[in-house]
2 protein chains.
Amino acid sequence: MIDPAAAADEQLSRYMAERGLKHTRQRSLIVQTFVRAGGHSSVDEILATVKRQDARVSVATVYRTMKLLADCGVATALDFGDGQVRYEPAAGRHHHDHLVCTSCGRIVEFENDRIEALQQTVAKRHGFQVSSHRMELYGTCRDCLASGRAPPS
Amino acid sequence: MIDPAAAADEQLSRYMAERGLKHTRQRSLIVQTFVRAGGHSSVDEILATVKRQDARVSVATVYRTMKLLADCGVATALDFGDGQVRYEPAAGRHHHDHLVCTSCGRIVEFENDRIEALQQTVAKRHGFQVSSHRMELYGTCRDCLASGRAPPS
DNA sequence: CTCAGTGCAAAGTCTTTGCACGATT
DNA sequence: AATCGTGCAAAGACTTTGCACTGAG
């Protein structure tokens with residue numbers, strides 16, 4: 001089990017077997033495509049890649065499958081405010097947040113325990129019990145800064 | 001100038017005067033409605049309130065006006081991931097982030113300089129120059145915890 | 001053989017836009 | 001009077017859904 005795509009497929013299989021869902025060719029193809037993409041994929045992107053192997057797969061199936069993956073813990077839904085949902089593999093990964101380059105779209109992940117701790121403190125101060133959060137830092141990445149690509153002001 | 005709604009209207013007037021835009025009845029009505037709502041309003045909510053005073057105002061005008069307000073610094077656009085843009089008054093306000101109750105929808109604002117500082121540190125470590133960020137903590141508010149409203153698991 | 005899954009196209013949201021009419025400067 | 005703004009409805013982008021057919025178990 002060295003291949004993460006195969007691992008995800010396995011995890012999905014177990015989840016489905018447990019509740020009488022079916023392991024179809026399309027689902028298998030979508031999971032593997034998604035995992036191999038490495039992260040932050042939109043449904044459109046996944047569909048485009050999937051179609052190279054099977055042109056008859058429909059958007060609807062990708063939407064339905066990604067939702068399924070989110071439910072069974074294989075994928076996490078992201079929203080970078082660009083009007084479409086994105087997904088990243090979740091399997092065995094620690095929580096993290098994102099740096100988003102507004103020039104080239106590059107996405108870098110980071111985690112910072114001190115920020116997380118402070119968030120808990122803030123929440124407690126207001127009587128909230130936090131169940132999740134989202135944090136994205138938008139700006140210009142190293143490469144875009146270096147190449148002088150102007151930050152869209 | 002004690003009334004913030006009037007103040008915002010003024011600010012908008014100046015902005016418009018500077019660039020030959022027109023100060024219409026609709027715009028005035030929308031700004032005041034928006035400011036009086038106090039914050040985190042969706043276009044739909046603003047429209048509903050506006051229509052009580054003038055039923056003939058259209059959605060399009062509210063969308064256009066809110067965009068104008070965002071451009072002139074009177075409003076800030078928010079995205080809580082619920083599929084619609086929200087706006088809050090920006091005039092003279094310091095940056096802040098949000099706690100969102102997933103049970104009752106309540107929104108509490110907070111600011112925390114230490115978190116902001118840590119964000120800068122993280123960004124720098126990755127070579128990013130941050131221009132903006134968003135951070136929302138989702139969970140259950142004090143009241144919902146007290147009244148036993150189950151956090152939607 | 002049965003029931004879940006799929007493809008397709010229609011429908012649903014939220015938001016934007018084209019256009020002729022109306023209102024402000 | 002000259003333009004900008006407005007209302008309306010159509011169009012767009014993304015996502016969901018109804019339905020008949022297909023295919024996995």
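Keep in mind that the numbers below use all heavy atoms, side chains included, and drop hydrogens, waters and symmetry copies. Letters A, B, ... are given to chains in the order of the sequence lines, protein chains preceding strands, and every chain is numbered from 1.
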Enquirer: Any side-chain N or O of B/Q26 less than 4.0 Å from the OP1 or OP2 oxygen of C/dA23?
Expert: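 So the side-chain polar atoms of B/Q26 never come under 4.0 Å of the phosphate oxygens OP1 or OP2 of C/dA23.
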Enquirer: B/C101 and B/C141: which non-hydrogen atoms are nearest, and at how many Å?
Expert: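 That would be SG-N, 3.4 Å.
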Enquirer: Could you list where the contact with chain B starts and ends along DNA chain D, reading 5' to 3', using a 4.0 Å heavy-atom cut-off?
Expert: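 Going 5' to 3' along DNA chain D, contacts run D/dT3 to D/dC8.
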Enquirer: I need the residues from residues 79-88 of chain A with at least one non-hydrogen atom less than 4.0 Å from DNA chain C; give them sorted by number, or say none.
Expert: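 Those residues whose heavy atoms fall under 4.0 Å from DNA chain C, taken from residues 79-88 of chain A, amount to none.
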Enquirer: At less than 4.0 Å, is any side-chain N or O atom of A/T24 found next to OP1 or OP2 of C/dA4? Yes or no.
Expert: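 It does not, given that no N or O in the side chain of A/T24 lies less than 4.0 Å from OP1 or OP2 of C/dA4.
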Enquirer: Using a heavy-atom distance cut-off of less than 4.0 Å, which residues of residues 51-62 of chain B contact DNA chain D?
Expert: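 Heavy-atom contacts with DNA chain D come from B/R56, B/V57, B/S58, B/A60, B/T61.
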Enquirer: Do B/H94 and B/E109 have side-chain N/O donor and acceptor atoms under 3.5 Å apart?
Expert: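 There is no such pair between these side chains.
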Enquirer: Identify each donor-acceptor pair in which a side-chain atom of residues 118-127 of chain A lies under 3.5 Å from a protein atom, sequence neighbours left out, and give them as a table.
Expert:
| from | atom 1 | to | atom 2 | distance (Å) |
| --- | --- | --- | --- | --- |
| A/Q119 | OE1 | A/H133 | ND1 | 3.2 |
| A/T121 | OG1 | A/A117 | O | 3.0 |

Enquirer: Tell me every residue that passes ring-ring contact (aromatic ring centres under 6.0 Å, His included) with B/Y138, counting only those two or more places apart in sequence or in another chain.
Expert: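 So B/Y138 forms no ring-ring contact (aromatic ring centres under 6.0 Å, His included) with any residue.
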Enquirer: Kindly say whether the aromatic ring centers of B/H98 and B/H96 come within a distance under 6.0 Å.
Expert: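 B/H98 vs B/H96: aromatic centres under 6.0 Å.
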Enquirer: On the side chain of A/R25, is there an atom forming a donor-acceptor pair with the base of C/dG5 - under 3.5 Å, no angle test?
Expert: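 Under the 3.5 Å cut-off, the side chain and the base do not form any donor-acceptor pair.
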Enquirer: Identify, with sequence neighbours excluded, every residue that meets side chain to side chain donor-acceptor pair (under 3.5 Å) alongside A/D54.
Expert: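 Scan of A/D54 (side chain to side chain donor-acceptor pair (under 3.5 Å), adjacent residues dropped) gives A/R25.
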